[in-house]
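Below is one structure, written out as structure tokens; the observations come after it.
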Amino acid sequence: VFQVRHGLPVDAVDDHLEAAGHSVYWCKLGSQVRNVAFDLALVDLNLPDGDGVDLVRYWRQAGRLTPVIMLTARDQVSDRIRGLQAGADDYLVTPFDLDEMLARIDAVLRRSSPSPRLQVHDNVVDLEQRQVLHQGQPLDLTAMEWAVLRCLASRPGRIFNRGEIDVALAAD
């Protein structure tokens, strides 16, 4: 879990996340993490160096698929809509219950994490074994072919732009 926060009680949130088994990297400035890889981001809307919505929008325009939960005191419906339209996966208004935050993190990670085995027509893609079976027979794929297939198979029916595929290639 990665956090970009300004006005939230950092210690309580960090302690609760770590007690639940998450590794936490905390950062105060959005500019410090524009190109950092992580599994999930908790982003405050009010950052000292800009708006958290702008940071999420930048990530999405760059093809980053990292799940994002906005954490903020802004409770207006228009603020929530703005955050979700920028690409956030969820939005949690402070003050919030720490167990609810964990439940939302788990739900967002479940939705964004592909199953270890994917069935795509006559193919089985085993993400853990990094193996593809076509009609039961293993296929030999290059590293680049594997990365592209993994990206595409993880979200069937979704159209990916070049930036999203580039991010998948870099992550694999």
Side-chain angles (χ1 to χ4, degrees), residues 1-116 118 127 150-168 170-172:
V1 175
F2 169 80
Q3 301 174 71
V4 181
R5 292 195 320 264
H6 176 60
L8 299 174
V10 174
D11 292 338
V13 173
D14 289 353
D15 291 347
H16 206 72
L17 287 167
E18 289 176 354
H22 295 283
S23 297
V24 178
Y25 175 76
W26 181 85
C27 188
K28 189 174 183 176
L29 302 175
S31 60
Q32 294 173 310
V33 295
R34 283 191 167 271
N35 299 308
V36 176
F38 41 87
D39 296 326
L40 177 124
L42 302 174
V43 179
D44 193 337
L45 286 180
N46 301 313
L47 300 172
D49 64 344
D51 189 333
V53 170
D54 292 335
L55 176 63
V56 173
R57 189 175 289 115
Y58 169 81
W59 285 336
R60 296 306 186 234
Q61 288 172 350
R64 306 261 321 253
L65 301 176
T66 303
V68 174
I69 299 175
M70 305 296 298
L71 300 179
T72 183
R74 292 190 204 169
D75 63 352
Q76 297 296 310
V77 172
S78 60
D79 291 321
R80 292 190 295 254
I81 290 170
R82 190 170 153 255
L84 294 168
Q85 286 178 338
D89 297 280
D90 201 352
Y91 193 105
L92 191 56
V93 177
T94 59
F96 53 82
D97 182 86
L98 293 173
D99 288 329
E100 179 185 1
M101 177 195 64
L102 286 175
R104 288 175 181 265
I105 288 171
D106 290 343
V108 167
L109 288 173
R110 258 194 324 273
R111 286 192 304 266
S112 66
S113 298
S115 162
L118 305 169
L127 299 172
R150 181 176 181 260
C151 176
L152 298 175
S154 67
R155 299 226 174 132
R158 184 177 185 283
I159 298 171
F160 290 85
N161 65 39
R162 176 63 191 222
E164 292 169 321
I165 293 174
D166 287 343
V167 168
D172 216 58

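Worth saying up front: this structure is predicted, and the values here are computed from it rather than measured. What's counted below: heavy atoms across the whole structure, side chains too, no hydrogens, waters or symmetry copies.
Of all non-hydrogen atoms in Ala86 and Val53, the two that sit nearest each other are CB-CG1, 3.5 Å. Val108 and Pro67 get closest at one heavy-atom pair: CG1-CB, 3.3 Å. Nearest approach of Ala73 to Val93, heavy atoms of both residues: O-CG1, 4.1 Å.
Checked options Arg110, Arg104, Arg111, Arg60; the residue passing with Asp89 is Arg60 (criterion: salt bridge (Lys or Arg N to Asp or Glu O under 4.0 Å)).
Residue His16 holds its NE2 atom at 5.0 Å from CG of Leu98, rounded to the nearest 0.5 Å. Atom CG of Leu17 is separated from atom CG of Leu42 by 6.0 Å, given to the nearest 0.5 angstrom. Within the model, atoms CZ of Arg80 and CZ of Arg74 stand 13.0 Å from one another, a figure rounded to the nearest 0.5 Å.
Under the 4.5 Å side-chain criterion, counting only non-hydrogen atoms from C-beta, Arg82 is in contact with Asp51. Val68 is not listed as a side-chain neighbour of Leu55, based on a closest heavy-atom distance of 4.5 Å or more. By the 4.5 Å heavy-atom criterion applied to side chains, Leu71 and Asp44 are not counted as neighbours. Residues Thr72 and Tyr91 form a side-chain contact, since some pair of their non-hydrogen atoms from C-beta on lies under 4.5 Å apart. Side-chain atoms of Met70 and Leu84, non-hydrogen and from C-beta on, never get closer than 4.5 Å to each other. Here the side chains of Met101 and Ile69 are not in contact, with every heavy-atom distance at 4.5 Å or above.
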